[in-house]
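This report refers to the structure that appears directly beneath it.
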There are 4 protein chains.
Amino acid sequence: MPNFYSAVLVNHREPLRIVETPAVTPPSGHLTVDVDFAGVCGTDVHLTDGRLPVPLPLVLGHEAVGRVRALGSGVTEDTLGAPLAVGDAVTWASNIACGSCFYCVEEQERSLCGNRKVYGINLGADDWPGGSGGYGQQMLLQPGTTLVRLPDALAPEQVVALGCAGPTVVHGLFGPARPSVGDTVVVQGSGPVGLASAMYAKLAGAATVIMVGAPAARLELATSIGACDVAIDITEMTDAADRIAAVTKLTPGGRGADLVVEATGFPPAVEEGMRLCRRNGRFLVLGQYTDHGQTPLNPHLITKGQLRVYGSWAFSGADYVKYVSTLPRLAERFDLRRLVTTFTLDAANEALQAMRDGTVMKAVLTPSASFGGEPTEKAGGAA
Amino acid sequence: MPNFYSAVLVNHREPLRIVETPAVTPPSGHLTVDVDFAGVCGTDVHLTDGRLPVPLPLVLGHEAVGRVRALGSGVTEDTLGAPLAVGDAVTWASNIACGSCFYCVEEQERSLCGNRKVYGINLGADDWPGGSGGYGQQMLLQPGTTLVRLPDALAPEQVVALGCAGPTVVHGLFGPARPSVGDTVVVQGSGPVGLASAMYAKLAGAATVIMVGAPAARLELATSIGACDVAIDITEMTDAADRIAAVTKLTPGGRGADLVVEATGFPPAVEEGMRLCRRNGRFLVLGQYTDHGQTPLNPHLITKGQLRVYGSWAFSGADYVKYVSTLPRLAERFDLRRLVTTFTLDAANEALQAMRDGTVMKAVLTPSASFGGEPTEKAGGAA
Amino acid sequence: MPNFYSAVLVNHREPLRIVETPAVTPPSGHLTVDVDFAGVCGTDVHLTDGRLPVPLPLVLGHEAVGRVRALGSGVTEDTLGAPLAVGDAVTWASNIACGSCFYCVEEQERSLCGNRKVYGINLGADDWPGGSGGYGQQMLLQPGTTLVRLPDALAPEQVVALGCAGPTVVHGLFGPARPSVGDTVVVQGSGPVGLASAMYAKLAGAATVIMVGAPAARLELATSIGACDVAIDITEMTDAADRIAAVTKLTPGGRGADLVVEATGFPPAVEEGMRLCRRNGRFLVLGQYTDHGQTPLNPHLITKGQLRVYGSWAFSGADYVKYVSTLPRLAERFDLRRLVTTFTLDAANEALQAMRDGTVMKAVLTPSASFGGEPTEKAGGAA
Amino acid sequence: MPNFYSAVLVNHREPLRIVETPAVTPPSGHLTVDVDFAGVCGTDVHLTDGRLPVPLPLVLGHEAVGRVRALGSGVTEDTLGAPLAVGDAVTWASNIACGSCFYCVEEQERSLCGNRKVYGINLGADDWPGGSGGYGQQMLLQPGTTLVRLPDALAPEQVVALGCAGPTVVHGLFGPARPSVGDTVVVQGSGPVGLASAMYAKLAGAATVIMVGAPAARLELATSIGACDVAIDITEMTDAADRIAAVTKLTPGGRGADLVVEATGFPPAVEEGMRLCRRNGRFLVLGQYTDHGQTPLNPHLITKGQLRVYGSWAFSGADYVKYVSTLPRLAERFDLRRLVTTFTLDAANEALQAMRDGTVMKAVLTPSASFGGEPTEKAGGAA
């Protein structure tokens, strides 16, 4: 078997290193894939910075699209029952729930499973050297992986363009907060989660989508692809009270929004979001993934407004399947390719820096096309 | 027409005064009632203290039960279509929605109508001298009042025992937060709203109800009538972290409660309530009626817990009807009379003080039985 | 006051007659309108045929758009609070619920009010000679009418194009059956209700809409304006089993549709619709308005399929407001004008015949532009 | 290892035969149990009659309670994470979903999994001679079995008393049809499914439960344990129109029931049930498990009544856990032991006959106490 390359996090706060690894034959129930595109997520920036406990060395990359390289015995179809063959374009959910805890069995809400294995996050490189994350030219996918063969109508870049923000938004937005035809929706935040929220709200028939975020380039992108009707730049309108007044004025009767989606990760945005809702409105708190501790918040807003406030955590395999199945319509309506900036695998550190700086909407690595575009032979030659 | 007596708020922060007023003949579409029982609500204490803007002079009393005294022309049945006759025992919702605003027409959520007229709160004594609140021997009820003839199975004291806490809880608890058979429910607060929440949760089949509140006498009452399975006294367990640990330990798998109901009015209870919920749990913020401003709160709890947090404001006529229609089963299961301490109308100031001090669960005035029990003749004699 | 003309149903099964009537000044709380467009509904055909009990003489027309002619005292704004002035373009719901029955008060579901007054149906011409239906140049609108000033973005023809099918579909489709992003939706029927269902499903983000109906011209129209992705002509594929096989094959995994909407009025379509649903799917029975008695149906389909079957009856003022508020987006996406064929008021009988024959999708009368386009003066001249 | 006995279906339409089988040591991930109680279900009667395709020979019995006999390696806790030890009283769901099909992954509705393995139904005796159904003294439980250690408050007879009707009702009733506090509920049918529906409706706070069924003995039992308020005997009131009139008269305002639960298996009951609902009411079609073909039904009832009609199929492991967790409150309120009539294992054919004749509410076998009460030694002695 020829070798292949991966970009590996060996120590926190150090650049990733390119490591060469021998390919493997997939055991029974497993399959291997050539990774064509791997998204660089804001979480990856946090991981390299050492803000979350992860096993080292680690091949990052929990957002990926590729082609089937080899099928282990017993692997004949994808999660939806479509037949699988070598060379098929596929994508897969990064996480595998345990299937036997309270949240998997009784609650049927696998996004909350406490025992999840996640490619590129808690499956260290030692599990299979070089092959457990998307920042590698090959990956070994385990039994239980939610795997979907791409519909013909979808290009791989379209699948990776939203990264994990896509299924995360599907999970949060299509629960009880679900946008309805005619809704006025405010999205707080203009990163991938905010952008995906705006696009899905539009797809669901929202009458008006107002985005409140920064920097200007992201707001312009969101506006120009049609994801929002109005954009408010928080670096220009720096006072929350002004923003609340401006947004409220745009809503029917000046009552506030039917639905507000928080996608900022910034704790004070939560009270601001409550103030943007109309009474009896819905507020989806989708961005408070990091524990920043307490922030001042007036709980009277919840009672007085009779608000329905929904948290949302991660996504399940079911959400991933729904995400891929709704992508053709999303891609038909919005030019997803405009979100993507590609980097070769050896430029992984530059890609991380671009995400850290917010200079691109979505950095995407192209592992299989890196190192000459014929990765395994070149790797073989380098050996 | 003979006269009658009312206890009237003439100036804030002064004792109510007994005022004598001539009775009236109800105009078309109206009816008059003799008030048998009028609940003394915590809100009445706030009103006498001048904490809310209300017209003066004001006959307090937005919780009442009585008997039909006279029917204006065209008034022949109650809201449910049951025929009405002089002498029938009746109760009525305190508020009348406008029927033509966004919340009345489009949202069909009349508890949020901004133009509501409320007996005993914003209908001043000048609207009909002495007859617009329950702290009077007679009331004049307007067209649009939600009026229900009492089922035979219900005694008037049972209807007034929970006061406006009853329909308020029906409104909040039987929306999307609705308790389900088998749920573990935590109720924060042991006043009328907390107590009604606990009883309704039990009625809905909750497996376990845990009440967190004070003082001890109220917790003992809640426990002894069967409204809760476990009571935790916050004056004994003064640290929130201890309470969270103690309550969580009582829930299945130590995961936290399926449903938490906040009924305290104390802002820090909101974060504590979020910490008492299990992941994917529901949290009903029912008690934050007063704007106390900001309090420290960690919004990460909402996202991480994937909580569903519901505010609830006031109640509508529909809720009041539902409240009365569910009361027979509630009264069958819980001894509602034990909640009530009666006071004659001339002791209205003592009743308010008892509610201010928390020395009784529910103070109730007995207007029609006050002043000798034959109020109108006596009033006539006094004139 | 000048006179105006109406097309009046004097006797069942006779042509409508043009009748001249004097205009009136609107009493307090009322307003008068000039009727610019009045939809001709399939129900109107039934009414002229005498299939429903209605008062005679009757001015037909329960779907209309016009301009404010005169405002009675106290009428200053529309249902949403927008200010009203003479000449404003407006539309209004045909029905006025009583506001005081079980369905109005407790159930908050005014479409089920049993005491509704309906312009053009149960408000006979004697109520206000000539002015109680849309088949007249003027109408007198009563207090309680849900009235909406048209948004600037909407042309009156766009509002009338779907007639009462529009709010009827809003009522049915945006209840619990609600289409979701990514759904595969089958619509049975290609009349106005079927067409509106298909368009709203698309607007809500349905991935695929399959229409099963006839005649070919309607299916072609539905396809060419983008309301459906696939159309199956029941006059070509006459066997239900064939249709079920063909439609099922088009659904993901051959499992059947996520949502089926019955809009045919043909009883056997109900079992066929159940067979088109996937297990756990939703089935909206929107078209069985007429009681045709029993039809053979296998109820095992409901249990085995774990179907959720929803009936839907009529619409409320709230639905009408929602309909108008969602129309700008619908009109942006679909060319609603292509549905409309106009007739002058004196051609009302031809319009009814065209609807009876299905030769047009939607016949619409132009009362204010009839009789020379200056109806009142001409009417005056004719007097 | 000692031997044990089972009652085995060798050929359809022949009595079960007692077969002796050697015990086994549970492989990794498996466990063995001693079966204390095994319910005899109506489905078992159908299976012996050959009405469903099943593998032969077959040990019947898909409802069972027992004690842990031996734990295979790796089996240390039940589905809820409670530690397991030999001798622990346990119960288990009869079915094991595949976990990888559309209904398991995307729909998260495992009751609809098409690949389910079911103890006592499609797991033939050849899978493990004698040990795959509850009609045996021992069973071998496979990995993936939903297994729950009994709470201390529950006696095994209480768990088996409702048999699979218990989780079937939990699955159907606590979906969208869910009874609410104050509801008027009609239950059609008085077998185990009807009885469980009535009890759970009461537990959920229904104001009134009306049971329509037969024979008289079952209705008397339902009434005397408090499961229903009124019972109507269909053998006395034989005309459906009379029953509809009688039941409707008992509902508030004569409008019909808020919720009707069909639990008869008799196709014409479905239209009757629709006629028992009030408008906007819910109708749960829980009993149409068998395909009896078409029956006359008027679909206009669905549209006119704006009914919400819900099918429900089988139950999942999650439902089984919920069932067991709600049983303590159910058992506290209703004397479940009164439902049970026990038979020893060698009287299995008599038990089946009693269920076929409806002479008992619930026949239950006592395998571990049969053949002398020390089954394994006796079996050993017999070897």
Side-chain angles (χ1 to χ4, degrees), chain C residues 101-103 106-109 111-114 171-172 175-177 182 252-253 255 258 262 264-271 273-274 277-314, chain D residues 101-103 106-109 111-114 171-172 175-177 252-253 255 258 262-271 273-274 277-314:
Chain C
C101 69
F102 172 81
Y103 287 104
E106 283 186 274
E107 193 81 352
Q108 310 237 42
E109 180 57 290
S111 70
L112 300 179
C113 169
H171 176 73
R255 280 182 299 268
D258 298 302
E262 186 279 324
T264 68
F266 180 60
V270 176
E271 181 174 313
M274 289 179 178
C277 287
R278 68 167 173 82
R279 297 185 81 186
N280 221 28
R282 291 114 63 213
F283 182 31
L284 177 63
V285 184
L286 194 52
Q288 302 291 318
Y289 268 74
T290 303
D291 186 350
H292 293 292
Q294 294 180 321
T295 193
L297 193 151
N298 188 342
H300 172 63
L301 294 169
I302 302 172
T303 298
K304 178 72 185 292
Q306 195 166 295
L307 299 182
R308 288 165 279 170
V309 182
Y310 302 105
S312 178
W313 184 256
Chain D
C101 69
F102 173 81
Y103 287 105
E106 283 186 274
E107 194 80 352
Q108 310 238 41
E109 180 55 292
S111 71
L112 299 180
C113 169
H171 176 73
R255 280 182 299 268
D258 297 303
E262 185 278 326
T264 68
F266 181 61
V270 175
E271 180 172 313
M274 288 179 179
C277 286
R278 68 166 171 83
R279 296 185 83 186
N280 220 28
R282 290 112 65 210
F283 181 31
L284 177 62
V285 183
L286 194 51
Q288 302 292 319
Y289 268 74
T290 304
D291 187 350
H292 293 294
Q294 294 180 321
T295 192
L297 193 150
N298 188 342
H300 173 64
L301 294 169
I302 302 172
T303 298
K304 177 73 185 291
Q306 195 166 296
L307 300 181
R308 287 165 282 170
V309 182
Y310 302 104
S312 177
W313 184 257

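Computed from a predicted structure; not experimentally measured. Each chain gets a letter, A, B and so on, in the order the sequences are listed, and its residues count up from 1.
Heavy-atom minimum distance, C:Gly182 versus C:Asp258: O-OD2, 4.3 Å.
Put simply, the side chain of C:His171 reaches to within 4.5 Å of the side chain of C:Glu109, judged on heavy atoms. Side chains of C:Ser312 and C:Leu284 form a contact here, defined as non-hydrogen atoms less than 4.5 Å apart.
A cation-pi arrangement, defined by a distance under 6.0 Å to the six-membered ring centre and an angle within 45 degrees of its axis, is absent between D:Arg282 and D:Tyr310. Cation-pi geometry between D:Arg255 and C:Phe102 is met: under 6.0 angstrom from the ring centre, within 45 degrees of the axis.
In terms of heavy-atom pairs under 4.5 angstrom with chain D, the leader among C:Leu112, C:Ile302, C:Leu301 is C:Leu112. Note on C:Gln288, C:Glu107, C:Gln306, C:Arg279: by heavy-atom pairs under 4.5 Å with chain D, the leading option is C:Gln306. Per-residue counts of heavy-atom pairs under 4.5 Å with chain C were compared for D:Asp291, D:Leu307, D:Val285; the largest is that of D:Asp291.
D:Thr290 touches chain C through its backbone: at least one of N, CA, C or O sits under 4.5 Å from a heavy atom, while the side chain does not. Looking at D:Phe283, there are no atoms closer than 4.5 Å to chain C (heavy atoms on both sides), in backbone or side chain. Contact annotation for D:Val270: only side-chain heavy atoms (C-beta onward) come within less than 4.5 Å of a heavy atom of chain C.
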